[in-house]
Colleague: 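Quick one: the structure is below, questions incoming.
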Protein chains: 2
Amino acid sequence: MNDLRIVNHQITLVDQVEEKLLNYFKSNNLGPGDPIPKELELATALGVGRSVLREALSRLRMLGLIETRTRRGMLLAEPSLLRGMKRIVEPNMLSDKTLFNILGFRVALEIGMTEMIFQNINKAHIDDLEDIVKRGIVKKYSEYTPVTEYEFHTKLYEITGNSTIMEFQAIIRPVSVFLKERFKDYFLPINKELARTGKLVSHKDLLDFLRKGDKEGFRKGMIDHFGAYYTFLKHENHSEED
Amino acid sequence: MNDLRIVNHQITLVDQVEEKLLNYFKSNNLGPGDPIPKELELATALGVGRSVLREALSRLRMLGLIETRTRRGMLLAEPSLLRGMKRIVEPNMLSDKTLFNILGFRVALEIGMTEMIFQNINKAHIDDLEDIVKRGIVKKYSEYTPVTEYEFHTKLYEITGNSTIMEFQAIIRPVSVFLKERFKDYFLPINKELARTGKLVSHKDLLDFLRKGDKEGFRKGMIDHFGAYYTFLKHENHSEED
DNA sequence: TTATACGATTTGTCTTACAAATATAATTAT
DNA sequence: ATAATTATATTTGTAAGACAAATCGTATAA
């Protein structure tokens with residue numbers, strides 16, 4: 001029955017119990033708000049000790065799938081999609097490959113948001129962006145202050161009205177910041193050159209597209225705005241294939 | 001020192017220990033491959049029992065952050081970004097709002113991938129897509145067989161060369177499938193009408209853009225290909241605001 | 001009937017115990 | 001003396017028991 005033991009990298013009882021719990025919820029069509037049996041019942045039903053059962057429950061509790069109030073027992077709840085991810089997005093912990101992947105992910109997502117942005121944008125959004133851009137124009141070259149850089153892009157995410165996307169960007173943001181700093185010798189010269197030749201797409205330029213309702217201009221502008229990232233990722237991917 | 005107790009929704013010792021462990025790894029600059037102290041040391045250092053410590057470790061083990069081999073102790077490992085998410089993307093468990101958000105996320109991402117696709121695409125990719133498209137043209141109207149529908153889009157993700165994006169799409173795919181089925185009364189008529197008036201962008205059309213190297217055509221095609229989703233999401237968001 | 005107090009139940013935490021696995025030390029054989 | 005084997009110790013995985021804290025329900029008293 002239990003020939004899982006063969007596997008080398010040690011599938012523990014806790015792993016199995018966790019999976020069985022998920023299957024149990026699924027096959028019984030349990031969803032947010034539904035109560036689940038108490039610990040002792042679950043433990044005996046699954047034939048494991050309370051400690052093992054609790055370790056498995058603890059995992060699901062971390063994901064927000066289970067809520068528990070003392071004495072009243074446990075309830076299923078709507079889990080947080082990204083709570084697990086949030087804990088581990090730590091540049092130190094992730095390989096370069098993963099960091100590059102995340103950066104690529106972010107760029108694709110942000111450019112792909114264009115349709116949604118133009119579907120939802122209104123005057124208040126424009127005003128907010130205008131304020132951010134004004135406060136950002138202090139440094140000479142291509143660089144904004146990190147805070148307005150952050151605010152501008154966050155606002156764009158906000159305009160989509162998609163809270164999952166917003167949460168996602170907040171989590172992966174440190175990766176962009178980290179890579180930009182770590183590879184500044186790569187990015188700074190490129191952006192300076194773009195600024196010198198007038199090809200750099202600034203936040204102000206992007207805002208102008210939004211104001212004019214020029215969707216294609218905005219999309220193109222965003223792609224150019226991320227130009228340095230594209231060439232960076234292309235280069236890094238190739239250098240990894242060697 | 002520990003005034004966390006004030007919070008209502010019960011922050012347990014396990015929650016605190018989990019966070020302390022993450023902080024410990026971070027502040028000691030520990031990363032994949034580094035060994036960490038044994039359970040008893042950690043437990044006494046944190047002033048908690050082994051059971052609490054183990055519940056916290058179990059969570060991090062689930063995310064792949066910690067690997068452990070009996071007797072040899074525990075090592076840090078590169079965590080899986082999306083392993084936590086994978087367990088909970090279950091349409092039953094998620095609210096409609098979250099499901100819609102995920103669908104919007106997917107659409108934005110897939111359209112935003114255009115640049116990357118055109119950066120990486122080669123003859124072999126085109127051939128693969130051609131094969132998929134050929135096998136898909138069996139039904140009349142706008143509908144492909146689900147399997148080729150899946151294969152085509154998966155191939156697009158694959159062309160990006162970004163394994164994080166690929167993993168992500170594999171996880172959230174059930175949501176699109178689920179919504180398409182659940183709201184088929186909405187989607188089918190729209191697609192039929194588009195097909196009737198010749199405005200439906202098929203996989204074959206998209207492939208043609210790829211073959212011709214027509215990036216803007218492809219991007220536009222993708223947007224149209226997802227047209228029904230956009231109007232659906234727009235409609236659903238508005239109806240929620242009431 | 002309402003308010004208080006008591007008891008029962010369930011989760012949170014700690015402790016102890018033991019099995020399984022394996023690294024290290026000790027012992028034996030060549 | 002070196003290699004092979006055995007024994008020992010250590011560490012994680014699992015189980016079980018105990019108790020505190022919280023709270024729900026009930027019983028008792030005003």
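Here is how names work: the chains are called A, B, and so on, in the same order as the sequence lines, proteins then strands, and each is numbered from 1. Model, not experiment: these values are computed from the prediction.
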Colleague: List for me each residue that meets side chain to side chain contact (heavy atoms under 4.5 Å, CB included) alongside A:Ala77, sequence neighbours excluded, and say none if there are none.
Modeller: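 Side chain to side chain contact (heavy atoms under 4.5 Å, CB included) check on A:Ala77 returns A:Glu67.
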Colleague: Can you sort out the partners of A:Tyr24 under ring pair (Phe, Tyr, Trp, His ring centres under 6.0 Å), two or more places apart, ordered by chain and number?
Modeller: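 So A:Tyr24 forms no ring pair (Phe, Tyr, Trp, His ring centres under 6.0 Å) with any residue.
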Colleague: Quick one: how far along DNA chain C does chain B reach, first to last nucleotide 5' to 3', anything under 4.0 Å to a heavy atom?
Modeller: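 On DNA chain C, the outermost contacted nucleotides are C:dG12 to C:dA23.
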Colleague: Can you list the residues that meet the ring pair (Phe, Tyr, Trp, His ring centres under 6.0 Å) rule with A:Tyr150, with sequence neighbours excluded?
Modeller: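 Per chain and number, A:Tyr150 pairs via ring pair (Phe, Tyr, Trp, His ring centres under 6.0 Å) with no residue.
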Colleague: Please table the atom pairs, donor to acceptor, closer than 3.5 Å between any side-chain atom in residues 35-46 of chain B and protein atoms at least two apart or in another chain.
Modeller:
residue	atom	partner	partner atom	Å
B:Glu39	OE1	B:Arg50	NH1	2.4
B:Glu39	OE2	B:Arg54	NH1	2.6
B:Thr44	OG1	B:Leu40	O	3.0
B:Thr44	OG1	B:Glu41	O	3.0

Colleague: State which residues pass ring pair (Phe, Tyr, Trp, His ring centres under 6.0 Å) with A:Phe178; sequence neighbours excluded, sorted by chain then number.
Modeller: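 Not a single residue meets the ring pair (Phe, Tyr, Trp, His ring centres under 6.0 Å) criterion with A:Phe178.
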Colleague: At under 4.0 Å between heavy atoms, which parts of nucleotides 9-19 of chain D does protein reach? Answer with one letter per nucleotide, 5' to 3': B base, S sugar-phosphate only, - none.
Modeller: -BSBBBB--B-
Colleague: Can you name the ring pair (Phe, Tyr, Trp, His ring centres under 6.0 Å) partners of A:Tyr230, sequence neighbours left out?
Modeller: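 By the ring pair (Phe, Tyr, Trp, His ring centres under 6.0 Å) rule, A:Tyr230 matches no residue at all.
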Colleague: According to side-chain hydrogen bond (donor to acceptor under 3.5 Å, both in side chains), who are the partners of A:Ser163, at least two apart in sequence or on a separate chain?
Modeller: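 Listed in chain order: B:Lys97, B:Asn101.
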